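Predicted model only: the values in this text are computed from it and were never measured.
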Amino acid sequence: MPALTPYYINNSPWSVSVHLTFSKVEAFLLTFFSAVKYHLHTAILFTWTDYKTIFLPITAFACATAPVQSLSDLLQCWIWIWFHLLLCNVSNQARSCEEDKVNRPWRPLPAGRITESQAVALRWAVVVLCVFWSSIYDQDLILTTLGLVATTFMYDELGAASHIIGKNFCNIGGYASFEVGATTIIGANHAMDFVSVTAVIISGILIFTTIQAQDFPDVEGDKALGRMTFPIYAPEFSRAFTFFATVAWSIFLCWFWGVGPISTVFLVSFGIYVGMRYYLWRTLEADKKSYLMFNLWLMAAHVLPLHARTSVLAF
């Protein structure tokens, strides 16, 4: 059967031009999506270690303290947390490439995915993005973002990360900023009430007395950078203090929020387990797992303010 399309059409200059145009579009799209995939992967690597330490505990805190009203509010909360987490991570990692070569060589800078100057530029671009994102909700939320920026600047640029007390105060500021922002977005009236403010204050003191839990797996990297952390300054006492703190906080929080006996036994037992892990098991791998357990305990502790709203933990 003869071809239905005339010969001269398939071989005309127009068909060649269209074919070349489609090829260029296809090549452009492949390049574009490849670049998007690469940069998205880089952004995820920047934030990867803090999903268990910041993203999930802050989400648990906000959902329990506000409490969460809708899936839409939860998704907006996640977006706000993630971009602010990226802000902190890029700022910190742009200045700690040598440490990451020892502790986390897969991160973007030691892995060669991005240069230090590019990371610094990205850090300030994300600051602008975060301020804009917070301005969509409320002027007070802009102040929360700027507070986190100031805390991050003191931690990374002014050297607070190298001092035991300065590092702990910066961690309080960082956690409090995340908690206030997430709780504000996820709440019914997008505002902090007495329960929310009380929960943030207690959480800040808790973080101040237990944040050394994150430093045990990073001792070698911190030594390489000349940082003085609690586990380096007092190797034995810091472990004993961490054990005492997790147990004492478990008991206090259950009493303060008035949860039931079964809930109390669960959190106190969990706190004892986490504290004993830090005191008894001291290898690098054990400390990494202990820190994971610590963050699970922290999430459980952050859920307790929900009882003040709903009495759901009366059992």
Undergrad: Would you give the length of the straight line joining atom CG of Leu267 to atom CD1 of Ile251, rounded to the nearest 0.5 angstrom?
TA: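 The CG atom of Leu267 sits 9.5 Å away from the CD1 atom of Ile251.
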Undergrad: Would Asp140 and Met192 count as a side chain to side chain contact (heavy atoms under 4.5 Å, CB included) if you check the C-alpha gap in whole Å, the side-chain angles of each, and the deciding distance to 0.1 Å?
TA: CA-CA 11 Å; Asp140 290 340; Met192 301 283 288; over 6 Å; no
Undergrad: Do the side chains of Trp106 and Arg104 get nearer than 4.5 Å, heavy atoms only?
TA: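 Result yes, sub-4.5 Å side-chain heavy-atom pair found.
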Undergrad: Which atoms form the tightest heavy-atom contact between Pro217 and Leu284, and what is the distance?
TA: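 Smallest heavy-atom distance, with atoms named: O-CD1, 3.2 Å.
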Undergrad: Is there a side chain to side chain contact (heavy atoms under 4.5 Å, CB included) between Ile185 and Ile79? Walk through the geometry before answering.
TA: CA-CA 10 Å; Ile185 290 175; Ile79 294 171; over 6 Å; no
Undergrad: A cation-pi test, strictly: NZ or CZ of Arg113 under 6.0 Å from the centre of the six-membered ring of Tyr38 and no more than 45 degrees from its axis. Yes or no?
TA: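 Judged by the rule (NZ or CZ under 6.0 Å from the ring centre, within 45° of its axis), Arg113 counts as positioned above Tyr38.
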Undergrad: Less than 4.5 Å apart, side chain to side chain, heavy atoms only: is that true for Gln76 and Tyr137?
TA: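 When only atoms from C-beta onward are counted, Tyr137 and Gln76 do touch, with a gap below 4.5 Å.
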Undergrad: Check whether the side chains of Arg107 and Thr49 place a donor and an acceptor atom closer than 3.5 Å, and report yes or no.
TA: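 Side chains of Arg107 and Thr49: pair found under 3.5 Å.
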Undergrad: Quick check: Tyr278 with Phe243 (ring centres under 6.0 Å apart)?
TA: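 No; Tyr278 has its ring centre 6.0 Å or more from that of Phe243.
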Undergrad: Can you tell me how far the CG atom of Leu298 sits from the CD1 atom of Ile211, to the nearest 0.5 Å?
TA: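 Spacing of CG (Leu298) from CD1 (Ile211) equals 8.0 Å.
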Undergrad: Return the minimal non-hydrogen interatomic distance between Ser196 and Arg309, and the atom names on each side.
TA: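 Closest pair (atom of Ser196, atom of Arg309, distance): OG-NH2, 3.1 Å.
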Undergrad: Would you say that Gln69 contacts Leu74 through its side chain, given a criterion of any heavy-atom pair below 4.5 Å between the two side chains?
TA: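 Of all side-chain heavy-atom pairs linking Leu74 with Gln69, none is under 4.5 Å.
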Undergrad: Do Ser117 and Thr115 pair up side chain to side chain, a donor and an acceptor below 3.5 Å, judged on atom types alone?
TA: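 There is such a pair between these side chains.
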Undergrad: Might you point out which heavy atoms bring Leu109 and Ala119 nearest each other, and give the distance in Å?
TA: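 Minimum heavy-atom contact is CD1-CB, 3.9 Å.
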Undergrad: Can you check side chain to side chain contact (heavy atoms under 4.5 Å, CB included) on Ile172 and Ile205, steps first, answer last?
TA: CA-CA 7 Å; Ile172 291 177; Ile205 303 171; over 6 Å; no
Undergrad: For Phe194, I'd like to know if atom CZ has over 12 heavy atoms of other residues, nucleotides or ligands within 6.0 Å.
TA: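 Atom CZ in Phe194 is not crowded, with 12 or fewer foreign heavy atoms closer than 6.0 Å.
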Undergrad: Quick one: closest heavy-atom pair of Ile58 and Ala182, and the distance?
TA: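 Looking at all heavy atoms of both residues, the shortest contact is CG2-CB, 3.7 Å.
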Undergrad: Using 0.5 Å steps for rounding, measure from the CD1 atom of Ile81 to the OG1 atom of Thr59.
TA: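 So the CD1 of Ile81 and the OG1 of Thr59 are separated by 4.0 Å.
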Undergrad: For the aromatic rings, using the six-membered ring if either is Trp, is the centroid distance between Phe216 and Tyr291 under 6.0 Å?
TA: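 No, they do not, as the ring centres are separated by 6.0 Å or more.
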Undergrad: If you look at every heavy atom in Ser177 and Trp80, which pair is closest and at what distance?
TA: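 The answer is O-CH2, 3.7 Å.
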Undergrad: Do Tyr279 and Glu236 make a side-chain contact, defined as non-hydrogen atoms from C-beta onward lying under 4.5 Å apart?
TA: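 Yes, their side chains come closer than 4.5 Å.
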Undergrad: Same hydrophobic cluster for Tyr51 and Val303, using side-chain heavy-atom links shorter than 4.5 Å among ILVMFWY?
TA: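 Looking at the clustering, Val303 is in a separate group from Tyr51.
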Undergrad: Are Ile262 and Leu304 connected into the same hydrophobic cluster when the rule is that any two of I, L, V, M, F, W, Y join if their side-chain heavy atoms are below 4.5 Å apart?
TA: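 Per the 4.5 Å side-chain linkage, Leu304 and Ile262 are co-clustered.
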Undergrad: Check Val149, Asp138, Val180 against Thr144 for a side chain to side chain contact (heavy atoms under 4.5 Å, CB included) and give me the one that passes.
TA: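 In the set Val149, Asp138, Val180, the residue that makes a side chain to side chain contact (heavy atoms under 4.5 Å, CB included) with Thr144 is Val180.
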Undergrad: How long is the straight-line distance from OG1 of Thr47 back to CD of Gln93, given to the nearest 0.5 Å?
TA: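 Taking CD in Gln93 and OG1 in Thr47, the distance rounds to 8.5 Å.
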Undergrad: Answer yes if the side chains of Glu179 and Ser203 hold a donor-acceptor pair under 3.5 Å, and no otherwise.
TA: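 There is such a pair (donor and acceptor under 3.5 Å, judged by atom type) between the side chains of Glu179 and Ser203.
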Undergrad: If you count heavy atoms of other groups shown closer than 6.0 angstrom to CZ of Phe132, is the number above 12?
TA: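 For Phe132, atom CZ is not crowded (no more than 12 foreign heavy atoms under 6.0 Å).
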Undergrad: Could you tell me whether the side chain of Leu122 reaches within less than 4.5 Å of the side chain of Ile114, counting heavy atoms only?
TA: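 Yes, close enough: below the 4.5 Å cut-off.
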Undergrad: Hydrogens and angles aside, do Asp156 and Ser91 bring a side-chain donor and acceptor to less than 3.5 Å of each other?
TA: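 On atom types as modelled, these side chains qualify, holding a pair under 3.5 Å.
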Undergrad: Do Val128 and Phe46 sit in one hydrophobic cluster, given that two such residues count as connected whenever their side-chain heavy atoms are within less than 4.5 Å of each other, even indirectly?
TA: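 Different clusters.
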Undergrad: Using side-chain heavy atoms (C-beta onward) and a distance below 4.5 Å, is Val219 in contact with Asp215?
TA: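 When only atoms from C-beta onward are counted, Asp215 and Val219 do not touch, as no gap falls below 4.5 Å.
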Undergrad: Tyr175: which residues meet the ring-ring contact (aromatic ring centres under 6.0 Å, His included) condition with it, sequence neighbours left out?
TA: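 Residues passing ring-ring contact (aromatic ring centres under 6.0 Å, His included) with Tyr175: none at all.
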Undergrad: Taking all non-hydrogen atoms of both residues, which atom of His307 and which atom of Ala314 are closest, and how far apart?
TA: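 It is CE1-N, 3.4 Å.
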Undergrad: Should Arg277 and Asp287 count as an ion pair when the cut-off is N to O under 4.0 Å?
TA: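 Looking at Arg277 and Asp287, the cut-off is not met.
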Undergrad: Measure the spacing between CZ of Phe178 and CZ of Phe55 and express it to the nearest 0.5 Å.
TA: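 Output value for this atom pair is 10.5 Å.
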Undergrad: Would you call the rings of Tyr273 and Trp281 parallel, tilted or perpendicular, where under 30° means parallel and over 60° means perpendicular?
TA: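 Because their plane-to-plane angle is over 60°, the rings of Tyr273 and Trp281 count as perpendicular.
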Undergrad: Does a salt bridge link Asp218 with Lys288, judged by any charged N lying under 4.0 Å from a carboxylate O?
TA: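 Judged by the 4.0 Å cut-off on N to carboxylate O distance, Asp218 and Lys288 do not form a salt bridge.
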Undergrad: Determine, stepwise, if the pair Trp297 / Thr246 fulfils side-chain hydrogen bond (donor to acceptor under 3.5 Å, both in side chains).
TA: CA-CA 9 Å; Trp297 171 81; Thr246 53; over 6 Å; no
Undergrad: Look at the side-chain heavy atoms of Ile, Leu, Val, Met, Phe, Trp and Tyr, link any pair under 4.5 Å apart, and say whether Val131 and Leu143 land in one connected group.
TA: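 No, Val131 and Leu143 fall in different hydrophobic clusters.
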Undergrad: Look up atom CG in Leu148 and atom SG in Cys130, then write down how far apart they are to the nearest 0.5 Å.
TA: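 Atom-to-atom, Leu148:CG and Cys130:SG are 8.0 Å apart.
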Undergrad: List the residues meeting salt bridge (Lys or Arg N to Asp or Glu O under 4.0 Å) with Arg123, not counting sequence neighbours, and say none if there are none.
TA: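 Here the qualifying residues are Glu157.
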Undergrad: Within the 3.5 Å criterion, strictly below it, is a donor on Gln212 or Thr229 matched to an acceptor on the partner's side chain?
TA: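 No, no side-chain donor-acceptor contact under 3.5 Å.
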Undergrad: State whether a side-chain donor-acceptor pair under 3.5 Å links Trp249 with Thr209.
TA: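 The answer is yes; a qualifying pair exists.
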Undergrad: If you group Ile, Leu, Val, Met, Phe, Trp and Tyr by side-chain heavy-atom gaps below 4.5 Å, do Val90 and Val120 land in one group?
TA: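 Looking at the clustering, Val120 is in the same group as Val90.
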Undergrad: Contact between Phe256 and Thr198 at the side-chain level, heavy atoms closer than 4.5 Å - yes or no?
TA: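 Heavy-atom side-chain distance check passes, below 4.5 Å.
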Undergrad: Could you walk me through whether Thr65 and Leu306 pass side chain to side chain contact (heavy atoms under 4.5 Å, CB included), step by step?
TA: CA-CA 6 Å; Thr65 304; Leu306 181 63; over 6 Å; no
Undergrad: More than 12 foreign heavy atoms under 6.0 Å from CZ of Phe270: is that the case here?
TA: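 Atom CZ in Phe270 is packed in, count exceeds 12.
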Undergrad: Trp257 versus Phe252: any side-chain heavy-atom pair under 4.5 Å?
TA: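 The answer is no, as the side chains (C-beta and beyond) never meet within the 4.5 Å cut-off.
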